[in-house]
There are 2 protein chains.
Amino acid sequence: MAYTIKDVAKAANVSIATVSRILNGQTGYSLKTKKKVLEIIEEMGYQPNAIARGLINKKTHTIGVLFPFLSGALVTELLRGIEKAASAHGSSVIVSHTESDEEKTMKYLQLLSEKRVDGIIFTSEVMTKQYYEFIKIMNVPIVLLSTKSEVFPIPYVKVDDFEAAYSATEYLIKKGHTEIGMISGPDTDMIAGKPRIEGFKKALQDHQISFDDKNIVIREGFMFTEGKFGMLSMLDQKPDVTAIFAASDEMAIGAMFTAYQFGINVPDDISIIGYDNINIASMSIPPLTTVQQPFMEMGESAGHMLLEMMETDQLSESRILKHSIVERKSVKEKI
Amino acid sequence: MAYTIKDVAKAANVSIATVSRILNGQTGYSLKTKKKVLEIIEEMGYQPNAIARGLINKKTHTIGVLFPFLSGALVTELLRGIEKAASAHGSSVIVSHTESDEEKTMKYLQLLSEKRVDGIIFTSEVMTKQYYEFIKIMNVPIVLLSTKSEVFPIPYVKVDDFEAAYSATEYLIKKGHTEIGMISGPDTDMIAGKPRIEGFKKALQDHQISFDDKNIVIREGFMFTEGKFGMLSMLDQKPDVTAIFAASDEMAIGAMFTAYQFGINVPDDISIIGYDNINIASMSIPPLTTVQQPFMEMGESAGHMLLEMMETDQLSESRILKHSIVERKSVKEKI
DNA sequence: TTGTACGCGTTATCAG
DNA sequence: CTGATAACGCGTACAA
């Protein structure tokens, strides 16, 4: 069994109060006793019990993070950023994998609540009333990461999907393309689906390029396979397409895969721009030009924001992080 | 402030002891009081304080996981498995990102120790004496994941890298190849480097294929770029190579990238087999034939093993999980 | 069947 | 400068 502050006190011939004071850098003891106590602590290998501390301080220095899915390069980057921020602040992070399941999410919230985490980061998922009410009762700060809520007053960190999609599309247009298609995720997805579609539409419109159903194929998800089949549909419904905006890098690479199978050269025949800039974007043939989301920074920012809220006990200002276009080899000027 | 067991007791006109008993499914109370207490709990939204519980039970139902790097598909899969196992057991997982830094690792161990985690999973990194001694003093069970120790008695979960590399190489040989190269990670890496090299060598030897320095290029890491440049060296030092075993999928895809640049067709001119089977393996052109490591299962297995050790207080048996070869399109029969 | 009271390891408020 | 001692929220002998 580990030593307690009592053991230290006894061994040092002082009271536990004194030991506690020394441990917490407070004032009120002679240099001599401090030295002695510190020595004893070193000698015994005493470690303060964070659980007991948490009980009395009502601070666990632990934050909970909820991920709907626990796979993909994206998640690790977000997590890395969060962990970095937390760690810099002496806090730990507990990860939860909700699988987008309402029941599981509630179960995890319950668990985090019982563990008395100091705050919660909720990622990539829509915040329901049920979740919100629960967290409100928990009475801990929360920040949304890579998602946002129109109805609840919760600070968020994300990029502007509308703007980013607009940029991507405009990039294609500026390269001289006019026959542009989009391979999209579900338009019912109000976070990563709809806004990107709207950005795409708006860019076309602003540049006097007509838009109709032929310009877009909507898929059920954002994965490689969706991109593969999405490209099939696109080729079918808009044979004259010369440039494509894919709503994720995986989809873009899926599209390139199909293009390859059809003997279509990227970027000579068709240009493709992706979205996310995850690590595989630089590993495809050709390397993928894409819209970068700074996932690590997003995670870090969310972490700091949460820590800040824990201290000030006020809502922080939401942060829109800057996207940017990473030019590689999958887009070519249209002559 | 959240309600305490005291509040519940008062509201229900019983003692906290009774509430506690009901909460913990013990015996010794009438059905009537149980009903009443449960109602009140529901009504008040009372949640037991896991911190206070942990203090008295000396169990936090939390495990700590140490990752040297927090990026790559591999990590998420391992984590997913761990989280799954932990969650099924009502435990939470705290992630730590050590960056392979000794000082940081110790800092995290210290933190986990103070937080009184019930156990530790140590991944993908060599267990040093310093770490081991510390954890021994912590007196919590530990399991190694995707790594092992020759010197310390710690149960581990991994695949047999030697065997897997042997299989991969033999697969190439059985496809009729005799001029086989390997693009390897550092041979100083006793976990993921050396064993794979040895497996490769042994397979050649067992099939009467001579081996010398020309057959292998050793790189500093396992990433895409290493594969890219590794392929360059390989082409240079062994121009007649017809098949290549890469020590990771990322390297394999890097090698394919270089091949592409040189107008070398995979698999028509050169066959390539990877190692890991991370998600990008199925997204390359051509899709990558590779050795699968069941990362998710590995994580899950490690999680269960740890939980088991926490209960039995004994060392569990190490587990070698089965690798397998996933045949896709990057390897072709040599005629 | 139920309640009282002590202890888990700390911190913090008092006295001295 | 230092030391008792009361919390923190809960589990559990021991009594009733």
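Chain letters run A, B, ... following the sequence lines, proteins first, then strands; residues in each count from 1. This one's a predicted model, so the numbers in the text were calculated from it and none came from an experiment.
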Under the 3.5 angstrom rule, does the side chain of A:N49 hit a backbone N or O of A:I51 as a donor-acceptor pair? yes
May I ask you to test the B:I41-B:V37 pair for a side-chain heavy-atom distance under 4.5 Å? yes
Are any of the side-chain heavy atoms of A:Y156 and A:T147 separated by less than 4.5 Å? no
At less than 4.0 Å, is any side-chain N or O atom of B:N24 found next to OP1 or OP2 of D:dG11? Yes or no. yes
Counting any heavy atom closer than 4.0 Å, what does A:D7 reach on the DNA or RNA strands: base, sugar-phosphate only, or nothing? nothing
Nearest whole Å is fine: how far is D:dC10 P from B:I22 CD1? 14 Å
Report yes if at least one side-chain N or O of B:T18 is closer than 4.0 Å to OP1 or OP2 of C:dT1; otherwise report no. no
Looking at A:T4, I'd like to know whether one of its side-chain N or O atoms comes within less than 4.0 Å of OP1 or OP2 on C:dC8. no
Length of the CD-C1' vector between B:Q26 and C:dT1, whole Å: 14 Å
To the nearest Å, give me how far apart NZ (B:K59) and P (D:dG11) are. 16 Å
Would a distance-only check, ignoring hydrogens and angles, find a side-chain to backbone donor-acceptor pair under 3.5 Å from B:D118 to B:T60? yes
Any N/O pairs under 3.5 Å between the protein and nucleotides 13-16 of chain D? List them or say none.
none

Quick one: does A:I121's side chain get under 4.5 Å of A:L144's, heavy atoms only? no
Taking side chain as C-beta onward, heavy atoms only, is B:M309 less than 4.5 Å from B:V143? yes
Between C1' on D:dC1 and NZ on A:K32, what's the gap in Å once rounded to a whole number? 12 Å
How many whole angstroms separate atom NZ of A:K58 from atom C1' of D:dG9? 8 Å
Which residue lies more 5' along DNA chain C, comparing B:S30 with A:K6 via nearest heavy atoms: B:S30
Look only at the side chain of A:K104 and the backbone of A:E99, and say whether a donor-acceptor pair between them is shorter than 3.5 Å. no
What nucleic acid atoms does A:T27 come within less than 4.0 Å of, heavy atoms only: base, sugar-phosphate, or nothing? nothing
Validation row: B:L79, A:F67 side chains within 4.5 angstrom (heavy atoms): no
N or O in side chain of B:S15 less than 4.0 angstrom from C:dG3 OP1/OP2: yes
Establish, with yes or no, whether the OP1 or OP2 oxygen of D:dC1 is under 4.0 angstrom from a side-chain nitrogen or oxygen of A:K34. no
What's the CG-P distance between B:N57 and C:dG9, to the nearest Å? 12 Å
B:I16 near the nucleic acid: base, sugar-phosphate alone, or nothing, with a heavy-atom cut-off under 4.0 Å? base
With sequence neighbours excluded, tell me which residues meet side chain to side chain contact (heavy atoms under 4.5 Å, CB included) with A:A11. A:I40, A:M44
Among D:dT2, C:dG9, D:dC10, which nucleotide sits nearest the side chain of A:N49? C:dG9
For a quick check of understanding: with a heavy-atom distance under 4.0 Å over all strands, which category does B:E114 fall into, base, sugar-phosphate or nothing? nothing
Verdict with supporting geometry, B:E77 and B:R80, salt bridge (charged side-chain N to carboxylate O under 4.0 Å, His left out): CA-CA 5 Å; B:E77 288 299 302; B:R80 185 149 70 103; 3.1 Å; yes
B:Q47 CD to D:dC10 P: how many Å, rounded? 11 Å
So A:F152 and A:Y132, would you call those rings parallel, tilted or perpendicular, with 30° and 60° as cut-offs? parallel
Name the nucleic acid region contacted by B:S20, choosing base, sugar-phosphate or nothing; use a 4.0 angstrom heavy-atom cut-off, strictly under. base
Distance in angstrom units between A:I5 CD1 and C:dA12 P, rounded: 11 Å
Touch check for A:Y46, heavy atoms < 4.0 angstrom, all strands: base, sugar-phosphate only, or nothing? sugar-phosphate
If the helix axis at each end comes from five base pairs, how far does the helix from C:dT1-D:dA16 to C:dG16-D:dC1 deviate from straight, to 10°? 50°
In terms of side-chain heavy atoms of A:I56, which of D:dG9, D:dG11, D:dC8 is nearest? D:dC8
